[in-house]
Number of protein chains: 2
Amino acid sequence: MATSTVENYLKTILLRTEGPDHMVPMGVLAEALDVVPGTVTTMVKSLAEQGLLDHQARQGVRLTDSGRRLALEVLRKHRLVETFLVRTLKMDWTEVHEEAEALEHAVSERVLARIDEFLGHPATDPHGDPIPDANGHLADDAEAATLLDCALNKPLRVTRITDQSTDFLAFVQKTGLKPGTRLRVLRREPASGVLHCEVRAGGEIALGLPEAAKIAVS
Amino acid sequence: MATSTVENYLKTILLRTEGPDHMVPMGVLAEALDVVPGTVTTMVKSLAEQGLLDHQARQGVRLTDSGRRLALEVLRKHRLVETFLVRTLKMDWTEVHEEAEALEHAVSERVLARIDEFLGHPATDPHGDPIPDANGHLADDAEAATLLDCALNKPLRVTRITDQSTDFLAFVQKTGLKPGTRLRVLRREPASGVLHCEVRAGGEIALGLPEAAKIAVS
DNA sequence: GTATTTATTTTGATTAGTCAAAGTATGCTG
DNA sequence: CAGCATACTTTGACTAATCAAAATAAATAC
Ligand SMILES: [Mn+2]
Ligand SMILES: [Mn+2]
Ligand SMILES: [Mn+2]
Ligand SMILES: [Mn+2]
């Protein structure tokens, strides 16, 4: 079995891969995994030897099929565990990411199958992120609109929060912008970098443009 | 935080400690943890330096208060997780031990508290083993009768199976001797080493004397 | 098109955990 | 009590994962 370090590397590469032939730069991995760049170089070489990814020196890395398969299994565990913690154990959706970060490496296929069954094969996790199915198929998350690029003054629903950091989730929670919330965008001010929206059954909220891009809507 | 290796050493020592001043021999640990004796010596020295246990050369080890506290936390996680897997996720009680062996190191205090709450603060796990409470207090499991030393022909109930090995649990499962089962001991034959008992709503079962000692009754 | 900045790789060292094999202490046997 | 078997410890080596700091390559600036 892969160590949890290996699983974390693969999952991180999967999540940072931007397109079919995109190569994730080493620096991005070092940042995401909170290790120094030299460590990433060393680990990546070893993962490449194990056939889990391709490494082009000074270019970056790309998952192989077997690396991608493993990464999807870990991501599936992560997201199913998050869903389970929120739906069944009534944990706060803003704090389950950290928990899942550890549990994803300890949950066996057997336990995972029971959780999936228990939850009725959910399609998305509490953050709105799609859950890979048992065959490693991930719903295409490509081109959902965000608060940054959606139409103004149309009624919308939040579908997904694409930043798991405690601080951002706390903000989302406090302002009520969580998945499922109905709202509309009032105006964008590129000059000041601020966007204003109105939450149904809540007040008006101002948020920065980079932050707005992290909230997907439909 | 303690590594899972440290947690496994401490939990194993706790479970192998026979009395207040008993010292667990190194060989017992090596056997239980499936490592060579030299490894145990090395690890134990390091744990002793961290103040988690006392080590008398060529005598064995004994947990300190802080070591015992940590061991009880791990044991609590193990047994609550087992109970959860059986009661909530409907897993087979004979296979949850392995799963809990991994999950006990990944479940946080926060998640554990939710599980405990969800289950209604259970007192024993699916094997009938007592679950330490949140303050690290473990019900005295000292002197329960077993099939080996109980009265003959009295109606009894199985309370506990004190061997988690897959083979033994499979046998217990097949013959219906699991916790809760009602039965009585018909006769013991020290000469042949066989004990005969009758399961209520089942047939007559013969089992070896060492095996009989692993089944506690009341 | 040389110089500087930035990203990446290399090198040497460290920690946790492990094993094989050699060495040592202890307790049992005759 | 001497000899031996058993349990334990020591030593030297190894793997996985990491960091600090020096070296190098590539990109950018001037
Ligand atoms: Mn993780
Ligand atoms: Mn998520
Ligand atoms: Mn364990
Ligand atoms: Mn148990």
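Since we're looking at a predicted model, the values are computed, not measured. Below, read A as the first sequence line, B as the second, and so on, with proteins coming before strands; counting in each chain starts at 1. Values below: all heavy atoms of this structure, side chains included; hydrogens, waters and symmetry mates excluded.
The CD atom of A:Q56 sits 14 Å away from the P atom of C:dT8 (whole-angstrom rounding). Atom-to-atom, CD of B:Q50 to P of C:dT15 comes out at 13 Å; the value is rounded to the nearest Å. Between the CE atom of B:M26 and the C1' atom of C:dT24 there is a distance of 15 Å, given to the nearest Å. For the pair B:E7 CD and C:dA16 C1', the interatomic distance rounds to 15 Å; values are reported in whole Å. Summarising the geometry, the separation between NE2 on A:H55 and P on C:dA7 is reported as 15 Å, rounded to the nearest angstrom. Taking atom CG of residue B:L47 and atom P of nucleotide C:dT18, one finds them 11 Å apart after rounding to whole Å. Per the geometry, CG belonging to B:N8 stands 14 Å off C1' belonging to C:dT18, to the nearest Å.
Between B:F118 and A:F84, a ring centre-to-centre spacing not shorter than 6.0 Å is recorded.
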Can you give me every donor-acceptor pair (side chain of residues 30-42 of chain B, partner residue at least two apart or in another chain, under 3.5 Å) with its distance?
residue: B:T41; atom: OG1; partner: B:P37; partner atom: O; Å: 3.3
residue: B:T42; atom: OG1; partner: B:G38; partner atom: O; Å: 2.9

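Identified under the ring pair (Phe, Tyr, Trp, His ring centres under 6.0 Å) test for residues 15-60 of chain B, with sequence neighbours left out: none.
Of all nucleotides in DNA chain D having an atom under 4.0 Å from a heavy atom of chain A, the first and last in 5' to 3' order are D:dA17 to D:dA26.
Across the interface with DNA chain D, nearest-nucleotide mapping of A:Q59 and B:V40 shows B:V40 to be the residue nearer the 5′ end.
Heavy atoms of A:G38 sit under 4.0 angstrom from at least one base atom. Among the atoms of the strands shown, none is found under 4.0 Å from any heavy atom of A:A30. Within the nucleic acid shown, A:T5 comes within 4.0 Å of sugar-phosphate atoms alone, with no base atom in reach, counting heavy atoms only.
Side-chain proximity of A:R58 to C:dA7, C:dT18, C:dA20: nearest is C:dA7.
Two residues are said to be in side-chain contact when any heavy atoms from C-beta on lie closer than 4.5 Å; A:I205 and A:H196 fail this criterion.
Ring-plane geometry between B:H97 and B:H127 is classed as perpendicular, the angle between the planes exceeding 60 degrees on a 0 to 90 degree scale with a lower cut at 30.
Residue B:T3 places no side-chain N or O under 4.0 Å from the OP1 or OP2 atom of C:dA16. OP1 or OP2 of C:dT18 sits under 4.0 Å from a side-chain N or O of B:Y9.
The 12-atom threshold is exceeded at NE2 of A:H121, counting heavy atoms of other residues, nucleotides or ligands nearer than 6.0 Å. Surrounding CZ of A:R68 are at most 12 heavy atoms belonging to other residues, nucleotides or ligands under 6.0 Å away.
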